[in-house]
There are 2 protein chains.
Amino acid sequence: MNSFKIALAQFSPHIGNIEANTAKMLEQASEAKKQNADIIVFPELSTLGYPAEDLLLRPSLNKRTQLAFQQLAEIKDIVLVFGFVNTTEDGHRYNAAAVMKDGQVLGVYNKQNLPNYSIFDEKRYFAEGRQHLVFEYLGHKFGVLICEDVWSLPTVQQLAQLNVETALVLNASPYEVGKPQHRIDTMSALVKQLNINLVYCNQVGGQDDLIFDGTSFVMGKDGKVAAQAPSFKEELFFAEFDKDQKAYKTGSIAPCLETMAEIYQSLVLATRDYVQRSGFKGVILGLSGGIDSALTLAIAADAIGPEKVQAVMMPYTYTAQISVEDAAEQAKNMGITFGIAEINPIVNSFMQTLYPFFGNAPADATEENLQARSRGTLLMALSNKFGNLVLSTGNKSELSVGYCTLYGDMVGGFAVLKDVYKTIVFELAKYRNSIAESPVIPERVITRPPSAELRPDQTDQDSLPAYDVLDAILYSYIEEDMSQDDIIAKGFDPEVVAKVIRLVDFNEYKRRQGAIGPRISSRAFSRERRYPIVNGWKPGI
Amino acid sequence: MNSFKIALAQFSPHIGNIEANTAKMLEQASEAKKQNADIIVFPELSTLGYPAEDLLLRPSLNKRTQLAFQQLAEIKDIVLVFGFVNTTEDGHRYNAAAVMKDGQVLGVYNKQNLPNYSIFDEKRYFAEGRQHLVFEYLGHKFGVLICEDVWSLPTVQQLAQLNVETALVLNASPYEVGKPQHRIDTMSALVKQLNINLVYCNQVGGQDDLIFDGTSFVMGKDGKVAAQAPSFKEELFFAEFDKDQKAYKTGSIAPCLETMAEIYQSLVLATRDYVQRSGFKGVILGLSGGIDSALTLAIAADAIGPEKVQAVMMPYTYTAQISVEDAAEQAKNMGITFGIAEINPIVNSFMQTLYPFFGNAPADATEENLQARSRGTLLMALSNKFGNLVLSTGNKSELSVGYCTLYGDMVGGFAVLKDVYKTIVFELAKYRNSIAESPVIPERVITRPPSAELRPDQTDQDSLPAYDVLDAILYSYIEEDMSQDDIIAKGFDPEVVAKVIRLVDFNEYKRRQGAIGPRISSRAFSRERRYPIVNGWKPGI
């Protein structure tokens with residue numbers, strides 16, 4: 001048995017761009033060689049990126065993958081373990097890993113456990129592998145696994161029974177709150193039970209609504225982390241196996257983050273990757289003086305730099321003066337271009353045009369929506385003229401109950417807080433202020449009662465229960481799939497519960513037309529919670 | 001062997017509304033009994049409706065299904081063969097069929113072939129059945145199959161080898177152009193090969209973007225249709241088995257429709273079901289004098305009656321007088337409430353508000369989008385005030401290349417022509433006129449060159465290739481998954497092909513925020529063509 005050095009390439013692929021991803025893999029392999037690594041491990045499907053969705057069905061995928069193999073064959077004297085789509089001659093497609101050295105493919109492994117729940121649709125694309133891949137190198141016995149495989153006890157047990165000493169696991173494991181620590185805890189229990197070392201290399205980066213946190217690690221048979229990469233950034237890092245100790249030496253360990261820091265950084269990464277990979281030079285958003293837009297602004301500035309962020313305040317008759325002051329103050333605090341555009345003349349021209357239709361019909365949500373849609377149209381015009389992406393600022397609580405205007409405050413290409421409940425929005429704002437020298441979000445924005453300011457003296461709590469109650473009901477219904485009766489049995493007001501559930505069900509059509517936004521929960525709308533719009537399911541049991 | 005009578009309940013379930021669906025099934029079973037039927041067959045998952053998506057994951061589904069069984073147990077003296085979700089004690093969920101008589105469950109069949117491609121996600125929800133169900137009744141041997149099962153030769157072959165004389169097939173088979181005839185042709189070849197009778201009962205109705213056409217039938221071993229229900233409507237119909245002839249007697253046969261009639265009726269059904277099941281009292285749409293809104297108006301009026309349809313013309317500086325005339329004429333032809341709302345004052349107030357930001361920046365698509373968004377906001381205001389659903393009027397060609405304004409002409413809850421290419425829009429308009437006593441769509445709307453009228457003297461062909469060329473390229477890229485190089489090799493202008501593909505890829509973000517609309521093709525956007533927004537796939541090979 002020899003000592004050896006293993007590199008983990010925690011990198012952020014550009015989904016579908018096989019040429020660029022392969023070039024990046026070559027760079028990392030060269031750097032790993034320079035640092036005397038014997039083996040380099042990449043994430044799941046590293047040549048293509050994850051999830052590529054229906055790009056996986058394009059007929060030329062195999063041709064492009066072959067070109068990637070040719071490029072990767074140029075690197076000598078290091079073992080590459082990377083992910084690719086394996087299309088076999090009998091027409092099957094596998095989520096696969098290759099072990100390559102000096103241009104020779106030493107072995108191919110096809111993923112055996114294909115997740116097809118939650119955000120995953122792997123059975124739409126892949127056939128199941130049926131065989132393990134084990135190889136010996138430098139006197140050490142390695143096995144290869146791909147993501148879901150390592151969560152299947154029988155699959156890992158089989159590797160252990162084949163006397164594998166280290167399992168190399170290629171992953172594209174999506175982030176949700178607490179997931180980095182949860183993964184480590186679960187794997188720790190597993191390796192202790194099976195007496196096996198684990199090299200866990202995860203994809204990093206935002207892809208549409210999904211965030212991959214990275215947080216790759218190397219773990220000894222004792223269940224202790226020997227090396228760990230930071231969350232939410234690319235990193236080429238290393239672990240050394242010592243032949244005398246028969247164990248991985250303890251190296252650099254970036255600890256998991258505290259919850260609010262973790263969520264905040266995940267949103268920053270998701271926003272940065274979406275903006276940059278969609279080719280926008282900057283972003284624009286409507287700043288209202290409220291906490292949602294304030295937090296979105298802070299995240300945007302942290303993601304791409306304040307000089308690339310534009311904020312516009314669009315006051316109307318019902319906008320409080322302190323809202324304008326607070327918005328201006330935050331923009332100034334953060335060094336962000338700030339403009340004001342009054343919407344009264346626009347709303348008036350709509351009302352005049354509509355008068356022949358409306359007559360003296362009493363005012364209702366229509367007039368409130370006109371304010372929101374005038375603002376949305378202004379933001380889109382500024383976006384169209386100057387090329388900045390509109391960020392939508394609504395949170396998960398609002399979106400759940402439809403407390404938002406379609407084509408109004410919902411306009412935008414990316415909804416940063418889409419999966420963040422209002423109670424967490426407050427926590428994140430406080431967290432962001434806590435890490436700055438002086439608060440970037442004015443204290444008053446955090447402490448004053450939330451209001452959409454679409455009617456005189458309106459507050460959110462005129463229409464909705466208090467946010468801690470609302471979020472608790474929403475969590476039970478959405479994340480925990482509880483029935484109306486069961487939520488009421490927890491002690492909530494029956495009428496409030498019935499109203500909230502009715503609103504969630506009714507507003508599916510709005511959410512379906514909303515911008516995508518980063519998933520941080522275990523039940524995000526759209527990709528993960530797939531509900532029909534026309535839906536006759538009755539509340540109750 | 002006896003003679004017997006079999007009823008097929010081609011009905012339209014309300015997805016998720018188990019109580020209402022069960023009540024409807026009871027009504028149909030009573031009616032079938034009255035008409036002396038011995039057996040009644042319902043569509044796939046008839047108690048719940050198809051597809052129920054993540055409603056299938058709700059914990060109380062089993063409890064609700066048990067209640068449905070109790071209700072169905074009340075009907076005596078007729079065999080019920082119906083679809084339900086079978087949740088077993090070991091935690092598995094099956095797409096199942098029950099055979100019930102006099103309150104006794106005689107047998108349960110679990111679907112063996114679970115489609116997980118195209119629009120189907122059955123492996124997200126169901127486990128695979130592994131056993132056939134065969135039962136003898138009135139001296140005749142029946143087998144049960146569910147939808148995809150009958151497309152699997154080995155599965156049907158096994159039934160035939162068990163000496164089954166009639167396969168009862170429960171279906172929720174979605175419509176696409178030509179599918180009704182295609183099903184019959186495929187089944188005809190199958191039954192002749194296997195020497196088996198087929199009772200094929202299909203769901204009917206629109207569910208979000210999916211259309212179920214019904215077109216249920218009974219087919220003899222000779223491959224000939226003995227009875228066939230009409231497409232696109234509910235129908236309880238019957239077939240009689242004659243013991244002497246040992247065959248199903250020829251009964252009422254509603255033939256498959258001609259292509260344009262078929263598409264038109266499918267859109268009418270989809271629109272009616274969406275509007276009514278979403279609880280809207282009527283619809284509203286923007287009538288431009290162009291062919292897309294003209295056709296949408298005709299479909300809407302045919303779907304829910306002209307008295308429930310409101311049309312608004314929203315002219316601007318660039319709107320031709322003949323557009324206003326044609327719009328008014330069609331509304332009058334069809335007896336539809338028609339109003340005019342000039343948008344000049346609104347667009348001007350936007351431009352004035354934006355002047356401090358825009359300065360003297362040259363006009364571009366921004367100003368065009370302002371016109372479209374002013375119109376969209378007016379339509380939404382009228383919808384909010386009077387409770388009519390906004391129908392979006394864009395077609396598949398436009399939506400493919402993004403020749404449409406997000407939050408502008410794309411507003412609406414249902415996009416009737418979303419999956420209809422422009423060349424087919426023309427055919428459908430001509431078809432609709434051909435079945436009326438006098439043309440409902442003014443001839444000039446069909447014959448004048450299409451224009452968005454967002455610039456002086458604009459026509460669509462200033463920005464796009466001729467629609468027959470555009471649609472041919474789009475079809476090759478979207479429906480046939482061809483690469484850029486292969487499409488160019490068919491003889492199209494390389495620059496045009498490259499531009500069209502670039503536009504299709506780039507505009508995924510717009511489509512993602514568009515309204516749902518009825519699927520009539522074999523590759524509809526959204527549910528069926530699942531592409532990432534951030535997408536690095538390069539055109540070329």
Side-chain angles (χ1 to χ4, degrees), chain A residues 14-17 19-20 52-55 57-60 63 116-117 123-124 207-208 274 277-278 339 341 345-346 349-350 352-354 357-358 361 365-366 369-370 373 376-378 380-382 384-385 407 411 413 481 483 509 512-513 515-516 529-538 541, chain B residues 14-17 19-20 52-55 57-60 63 116-117 123-124 207-208 274 277-278 339 341 345-346 349-350 352-354 357-358 361 365-366 369-370 373 376-378 380-382 384-385 407 411 413 481 483 509 512-513 515-516 529-538 541:
Chain A
H14 187 196
I15 304 308
N17 196 339
E19 301 79 357
E53 303 186 68
D54 281 8
L55 291 174
L57 307 178
R58 293 214 72 88
S60 63
K63 218 189 283 179
N116 206 65
Y117 55 85
K123 290 183 179 172
R124 180 174 172 89
Q207 168 58 20
D208 286 358
Y274 186 82
R277 286 187 168 154
S278 306
I346 298 167
S349 71
F350 273 118
Q352 277 164 26
T353 305
L354 287 163
F357 296 87
F358 286 5
T366 308
N369 286 335
L370 273 177
R373 293 195 177 113
T377 299
L378 283 175
M380 289 306 296
L382 290 163
N384 289 162
K385 189 62 89 185
Y407 323 130
V411 308
D481 263 340
S483 72
Y509 79 100
R512 202 68 77 84
Q513 293 192 34
I516 60 164
R529 187 179 190 268
R530 305 178 187 175
Y531 267 53
I533 296 180
V534 170
N535 173 357
W537 187 267
K538 294 267 174 289
I541 61 167
Chain B
H14 186 197
I15 303 308
N17 196 339
E19 301 79 356
E53 302 186 66
D54 281 7
L55 292 174
L57 307 178
R58 292 213 73 87
S60 64
K63 218 188 283 178
N116 206 66
Y117 55 86
K123 290 185 179 171
R124 179 174 173 88
Q207 168 58 22
D208 286 358
Y274 187 82
R277 288 188 168 152
S278 306
I346 298 168
S349 70
F350 273 118
Q352 277 163 26
T353 305
L354 286 163
F357 295 87
F358 286 5
T366 308
N369 287 335
L370 274 176
R373 293 195 176 112
T377 299
L378 283 175
M380 289 306 296
L382 289 163
N384 289 161
K385 189 62 88 186
Y407 322 130
V411 308
D481 263 341
S483 71
Y509 79 99
R512 202 70 77 84
Q513 293 192 34
I516 60 165
R529 187 181 191 267
R530 305 179 186 174
Y531 266 54
I533 297 179
V534 170
N535 173 356
W537 186 268
K538 295 269 174 290
I541 62 166

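Throughout, a chain's letter reflects where its sequence line sits, starting with A, and its residues are numbered from 1.
With a 4.5 Å cut-off on side-chain heavy atoms, B/W537 and A/I15 do not count as touching. In this structure, the side chains of B/Q352 and A/I346 stay at 4.5 Å or more apart for every pair of heavy atoms. Put simply, the side chain of B/M380 does not reach to within 4.5 Å of the side chain of A/N369, judged on heavy atoms. A/H14 is listed as a side-chain neighbour of B/V534, based on a closest heavy-atom distance under 4.5 Å. Residues A/R373 and B/N384 have side chains in contact (heavy-atom distance under 4.5 Å, counting atoms from C-beta outward). Considering only heavy atoms from C-beta on, B/Y274 comes within 4.5 Å of A/I533 through its side chain.
Of the listed residues B/T353, B/I516, B/L57, B/L55, the one with more heavy-atom pairs under 4.5 angstrom with chain A than any other is B/L55. Across B/R512, B/K385, B/K123, B/R529, the residue that shares the most heavy-atom pairs under 4.5 angstrom with chain A is B/K385. Heavy-atom pairs under 4.5 Å with chain A peak, among B/G376, B/A52, B/A515, at B/A515. Among B/R58, B/Q207, B/E53, the residue making the largest number of heavy-atom pairs under 4.5 Å with chain A is B/R58. Comparing A/L370, A/L354, A/V411 by heavy-atom pairs within less than 4.5 Å of chain B, the highest count is held by A/V411.
Here the shortest heavy-atom pairing between A/A341 and B/F357 reads CB-CE1, 3.8 Å.
In this structure, OG1 in A/T377 is found 4.0 Å from CZ in B/F350, a value given to the nearest 0.5 Å.
Using a 4.5 Å cut-off between heavy atoms, B/E19 touches chain A through its side chain atoms alone. For chain B, the nearby parts of A/F358 are the backbone and the side chain; heavy atoms of each come within less than 4.5 Å. Neither the backbone nor the side chain of B/A20 has a heavy atom closer than 4.5 Å to any heavy atom of chain A. Only the backbone of B/Y117 comes within less than 4.5 Å of a heavy atom of chain A; no side-chain atom from C-beta onward does.
Proximity of a side-chain donor or acceptor of A/S60 to a complementary backbone N or O of B/I541 within less than 3.5 Å is detected. Remark: side-chain polar atoms of B/N17 are not paired, donor with acceptor, to backbone N or O of A/K538 under 3.5 angstrom.
Ring pair B/Y407/A/Y407 is tilted by interplanar angle, where 30° to 60° counts as tilted.
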